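What follows is a short report on a single structure.
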2 protein chains.
Amino acid sequence: MNETVRKQGDDLFGICPYVTTQKILQGKWAILILYQLADGPVRFNELLRRIEIAQGTLSNQLKYLEREGLIHRRVYTEGTLRVEYALTPIGEKFRTVLQAIEVWGNEYISYLKTNPVQNINPEG
Amino acid sequence: MNETVRKQGDDLFGICPYVTTQKILQGKWAILILYQLADGPVRFNELLRRIEIAQGTLSNQLKYLEREGLIHRRVYTEGTLRVEYALTPIGEKFRTVLQAIEVWGNEYISYLKTNPVQNINPEG
DNA sequence: CGGTATCCCGGTCGATACTG
DNA sequence: CAGTATCGACCGGGATACCG
């Protein structure tokens, strides 16, 4: 890869894999939503139940992820209205990252237990 | 009035690997900084050169990552002042995630070339 | 060289209310 | 059920200036 990152990262979107991925994961809920969809389609209110998140925020994140091509939205109109979100092919490929995150995250959680985060309170 | 304000999802930090990792990666520059350190220690101004980032922002991110235990800071006082940042053991383990991100990021970049992002105008 | 301190802006997120 | 609309708080991050 290029060693010199030139500008505010944004111009490297679509060029540098790290900057590009960072942009996708920037939202507070992106990882969690993608993880929830990793095992199959999930409906809007089901996501709302599983993740503690404001409705508007969820709606925004879903629209964003859909626009970026990672998830897609399918509406079923038979009977009661039903909307399901699922991973797209490129979204499914993201599972590799999710798995790496899960593994490292658990290692880090173990690490935290033996290495408590340093106190922030300013002791005199 | 020193009530601890817990934001949504914070209660899963240290429990859910996804929430935990998300918190670490939240900063705009975290992934890029960790990537820069993946091949060995780097000095402050060298980071500043490689990533175009405001000095204060870099300083903050480095302090944050240090506090979270992913990187450590070593000061050399012989001759001119020199400060090197490097991955800690738990930080080194993060390379797995970085590799997954690189692979997926490149796949996603390829995807973008054949599937231009629909720039839905922000309903302005 | 390797930082702090400060100010300010814009975006994100959350709460609430409303809609088809 | 599955959203939209609106508003406001918070804070990350950029610019700039200064410090040891």
Side-chain angles (χ1 to χ4, degrees), chain A residues 5-11 19 22-33 36 41-68 71-86 120 122, chain B residues 1 3-12 19 22-33 36 41-68 71-86 120 122-124:
Chain A
V5 178
R6 291 181 185 173
K7 264 196 168 180
Q8 298 291 358
D10 284 7
D11 57 341
V19 172
Q22 190 281 332
K23 201 86 198 296
I24 301 297
L25 300 187
Q26 200 166 34
K28 183 174 173 182
W29 302 102
I31 293 176
L32 222 44
I33 291 174
Q36 293 294 340
V42 183
R43 299 174 62 176
F44 185 84
N45 275 293
E46 177 63 18
L47 281 174
L48 215 49
R49 241 169 274 127
R50 294 198 202 167
I51 314 174
E52 194 188 337
I53 180 177
Q55 198 171 22
T57 306
L58 177 59
S59 182
N60 284 335
Q61 268 287 325
L62 288 170
K63 274 195 291 187
Y64 177 74
L65 290 173
E66 188 189 5
R67 211 165 63 74
E68 302 305 312
I71 68 178
H72 75 92
R73 180 178 180 271
R74 180 169 296 170
V75 186
Y76 301 88
T77 43
E78 324 105 40
T80 63
L81 176 59
R82 210 170 105 230
V83 178
E84 278 186 357
Y85 292 88
I120 315 170
Chain B
M1 305 311 245
E3 242 177 89
T4 321
V5 180
R6 297 220 125 203
K7 300 179 76 171
Q8 288 184 335
D10 281 8
D11 52 339
L12 287 177
V19 171
Q22 189 281 333
K23 202 87 198 295
I24 301 297
L25 300 187
Q26 200 166 35
K28 182 174 173 182
W29 303 102
I31 293 177
L32 223 43
I33 290 173
Q36 293 295 338
V42 182
R43 299 174 61 175
F44 185 84
N45 275 292
E46 177 62 17
L47 282 174
L48 215 49
R49 240 169 276 126
R50 294 198 201 169
I51 313 173
E52 192 174 310
I53 179 177
Q55 197 172 23
T57 306
L58 177 59
S59 182
N60 284 336
Q61 267 287 324
L62 289 171
K63 274 195 292 187
Y64 176 74
L65 290 173
E66 189 190 5
R67 211 166 63 74
E68 303 304 312
I71 67 178
H72 75 91
R73 180 178 180 271
R74 181 169 293 171
V75 184
Y76 300 88
T77 43
E78 324 106 38
T80 63
L81 176 59
R82 213 171 101 227
V83 179
E84 279 186 355
Y85 292 89
I120 304 168
E123 76 237 40

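In what follows, chains are A, B, ... by sequence order, proteins preceding strands, each numbered from 1. Given the structure is predicted, the values throughout are model-derived calculations rather than measurements.
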Rounded to whole Å, please give me the gap between [atom1] in [X] and [atom2] in [N].
{"X": "F44(A)", "N": "dT19(C)", "atom1": "CZ", "atom2": "C1'", "result": "14 Å"}
{"X": "K63(A)", "N": "dT12(C)", "atom1": "NZ", "atom2": "P", "result": "13 Å"}
{"X": "L47(A)", "N": "dC1(D)", "atom1": "CG", "atom2": "C1'", "result": "13 Å"}
{"X": "L58(B)", "N": "dA15(D)", "atom1": "CG", "atom2": "P", "result": "14 Å"}
{"X": "K23(B)", "N": "dT12(C)", "atom1": "NZ", "atom2": "P", "result": "18 Å"}
{"X": "I53(B)", "N": "dG12(D)", "atom1": "CD1", "atom2": "P", "result": "14 Å"}
{"X": "E84(B)", "N": "dC1(C)", "atom1": "CD", "atom2": "P", "result": "14 Å"}
{"X": "Q22(A)", "N": "dT12(C)", "atom1": "CD", "atom2": "P", "result": "11 Å"}

Next on the checklist: With side chain to side chain contact (heavy atoms under 4.5 Å, CB included) as the criterion, how do V19(B) and D11(B) come out once you've worked through the C-alpha distance, each side chain's angles and the decisive distance to 0.1 Å?
Outcome noted: CA-CA 9 Å; V19(B) 171; D11(B) 52 339; over 6 Å; no
Nearest-0.5 Å distance that lies between atom [atom1] in [X] and atom [atom2] in [Y]:
{"X": "Q26(A)", "Y": "Q26(B)", "atom1": "CD", "atom2": "CD", "answer": "9.0 Å"}
{"X": "K63(B)", "Y": "R73(B)", "atom1": "NZ", "atom2": "CZ", "answer": "9.5 Å"}
{"X": "K23(B)", "Y": "L12(B)", "atom1": "NZ", "atom2": "CG", "answer": "12.0 Å"}

Would you say [X] reaches [N]'s phosphate, i.e. side-chain N/O to OP1/OP2 under 4.0 Å?
{"X": "T80(B)", "N": "dC1(C)", "result": "no"}
{"X": "R73(A)", "N": "dG3(D)", "result": "yes"}
{"X": "R49(A)", "N": "dC1(D)", "result": "yes"}
{"X": "S59(B)", "N": "dT4(C)", "result": "yes"}
{"X": "R43(A)", "N": "dA2(D)", "result": "yes"}
{"X": "Y64(B)", "N": "dG13(D)", "result": "no"}
{"X": "K28(B)", "N": "dG14(D)", "result": "yes"}
{"X": "Q61(B)", "N": "dG13(D)", "result": "yes"}
{"X": "Y76(B)", "N": "dG2(C)", "result": "no"}

Item to check | Pairwise 5' ranking along DNA chain D for L62(A) and Q26(A), keeping only the more 5' one | outcome: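 Residue closer to the 5' terminus by nearest nucleotide: L62(A).
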Item to check | Whichever of N60(B) and G56(B) has its nearest DNA chain D nucleotide further upstream toward 5' | outcome: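 Here N60(B) is the residue nearer the 5' end.
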Item to check | Selected nucleotide, minimal atom distance to N45(A) side chain, candidates dC1(D), dA15(D), dG3(D) | outcome: dC1(D)
Item to check | Options dG2(C), dA15(C), dA2(D), nucleotide nearest the side-chain atoms of A54(A) | outcome: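 It is dA15(C).
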Checklist entry - Between W29(A) and R82(B), which has a closest nucleotide on DNA chain C that is more 5'? => result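 Nearer the 5' end of the strand: R82(B).
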Please tabulate, for the side chains in residues 41-50 of chain A, all donor-acceptor contacts under 3.5 angstrom to protein atoms that are two or more places apart in sequence or on a different chain.
unit_1, atom_1, unit_2, atom_2, d
E46(A), OE1, R49(A), NH1, 2.5
E46(A), OE2, R50(A), NE, 2.9
R50(A), NH1, Q36(A), OE1, 2.9

